[in-house]
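Single-structure report; data block below.
Numbering starts at 1 and runs along the sequence shown. Values below: all heavy atoms of this structure, side chains included; hydrogens, waters and symmetry mates excluded.
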Amino acid sequence: MEFRTWSSPHLPVSDNVSTMMRQVLLALLPGAACFFWLFGWGVIINILIAGITAIVAEAAVLMLRKRQAGSTLLDGSALVAGVLLALALPPLAPWWIPVIGSLFAVVIAKQLYGGLGYNPFNPAMAGYVVLLVSFPLEMTLWPAAGNHPDITTTLSLILTGDMPGAASIDAMTMATPMDAVRTQLGLGETVTDLRETALFGWIGGAGWEWINLGFLAGGLWLLKSRVIQWRIPASMLGGLALVALAFHLYDPQTYASPAFHLFSGAAMLGAFFIATDPVSACTTPRGRLWYGFGIGVLTWIIRTWGGYPDGVAFAVLLMNLAAPTIDYYTRPRVFGQQDR
């Protein structure tokens, strides 16, 4: 008797790109909600503008390439890139900032290399770095945490740059805790002096500690759901904390504590949602440890001595460059083959 047989795999596979992207978007909700609570409607507006621009840009490029747009757009990768970029932008940035950033992220950093699976750089961080280098003034338009304008004022600022009943946008903006601490320490202030100001919160930068706790909660859920693996987040946060602790112990008045670095800026967003990009990150187990550790160390170096207050984006792109080499030298030994 002849039996019907099927080729492997025999187990149903429920995970695919679109499922993973939906899980990533869900995991971003706690941090995004904290972001909205502290910085207001500009966060939602940035997400809408950047997300829509990313989807439209991806559809346009796919049409130009004469590719099927439906399945590619439904995988959600363009939307995730737009949302990640939006969460890195100042809430009061003019509307064309998320548009330019999303266009560069999708068209240049992703589709120019062949689309999802071929891009050597993280698209969202590539778009963010282009904006930061090209438009430094517009990329510093942060309101005070917990003292954001209402939706009418926010829309006016984003769409026209004018604030109803006020002289200029400068009246609503201020430096972030990361930027202010870096600047003040460079001017001779001490960590003890700054701790008495409103820049420091409970364990990190004022307000930013709650945002980072939200992204930490979402990242832990991704780990539990096995969407990402532990090596890159653990090694990145460990590298950042280790070098920060070493210098803080050496001179606690000049260098901020590890807790401040871990719960300020984009540390948790970078560790769980950006550095873990499966396309641009390392793929070998040992390589992922070195990759994450390098991002953590470079983040601290750029934050402390570099020209920008937060170094996560630059650190990720630099380690994207190093990822193929790291993978080459950390390849696991093939079973039954003798090392040479």
Side-chain angles (χ1 to χ4, degrees), residues 24 27-28 30-36 38-39 42-43 46-47 50 80-91 93 97-98 101 105 121-133 139-142 145 175-182 201 203-219 222 228 232-233 235-241 244 256 258-277 280-281 292 294-304 306-320:
V24 170
L28 285 169
C34 292
F35 217 144
F36 168 70
L38 288 165
F39 291 104
V43 177
N46 276 344
I47 290 174
V80 168
V83 172
L84 288 174
L85 173 67
L87 291 173
L89 297 178
I97 286 288
F121 301 102
N122 183 285
M125 292 300 96
Y128 175 79
V129 166
V130 165
L131 292 174
L132 192 60
V133 173
M139 293 294 286
T140 60
L141 301 177
W142 291 89
T176 63
M178 184 69 69
D179 192 9
V181 167
R182 175 182 170 278
I203 50 177
W208 287 92
E209 55 198 2
W210 300 108
I211 295 173
N212 277 278
L213 285 171
F215 288 129
L216 173 61
L222 287 180
I228 61 174
I232 292 177
S235 58
M236 175 185 165
L237 297 176
L240 177 60
F260 180 83
H261 281 282
L262 290 175
F263 292 95
S264 301
M268 296 299 171
L269 179 66
F272 291 99
F273 296 94
I274 296 171
T276 53
D277 175 24
S280 56
I295 293 175
V297 172
L298 286 172
T299 297
W300 184 89
I301 291 173
I302 297 170
R303 283 179 173 184
T304 305
Y308 298 93
D310 199 348
V312 172
F314 291 97
V316 168
L317 294 180
L318 288 171
M319 292 306 294
N320 286 163

4.5 Å side-chain heavy-atom contact, Phe273 and Val80: no

Between CG on residue Leu216 and CD on residue Glu209, distance to nearest 0.5 Å: 13.0 Å

Note, Ile211 side chain near Phe39 side chain (heavy atom, < 4.5 Å): yes

Exam field: side chain Asn122 to backbone Leu317, donor-acceptor pair closer than 3.5 Å: no

Under 3.5 Å: donor-acceptor pair, side chain of Ser235, backbone of Ile232: yes

Residues that Leu318 engages under side chain to side chain contact (heavy atoms under 4.5 Å, CB included), provided they are two or more places apart: Leu298

Backbone of Arg303 reached by a side-chain donor or acceptor of Asp310 within 3.5 Å: no

Nearest-0.5 Å distance, CG of residue Leu222 to OG1 of residue Thr276: 7.5 Å

Distance in Å, Thr299 OG1 paired with His261 NE2, rounded so as to fall on 0.5 Å steps: 10.5 Å

Centroid-centroid under 6.0 Å between Phe215 and Phe272 rings: no

Any Asp277 side-chain heavy atom under 4.5 Å of Val316 side chain: no

Exam field: side chain Asn212 to backbone Gly265, donor-acceptor pair closer than 3.5 Å: yes

Heavy-atom check, side chain of Met268 versus side chain of Leu237, under 4.5 Å: yes

Aromatic ring pairing Phe35/Trp208, orientation class (parallel under 30°, perpendicular over 60°, tilted between): perpendicular

Spacing of Leu141 atom CG and Ile97 atom CD1 [to the nearest 0.5 Å]: 8.5 Å

Ile228 vs Pro233 side-chain heavy atoms within contact, under 4.5 Å: yes

Ile295 versus Ala275, closest heavy-atom pair with distance: CD1-CB, 3.7 Å

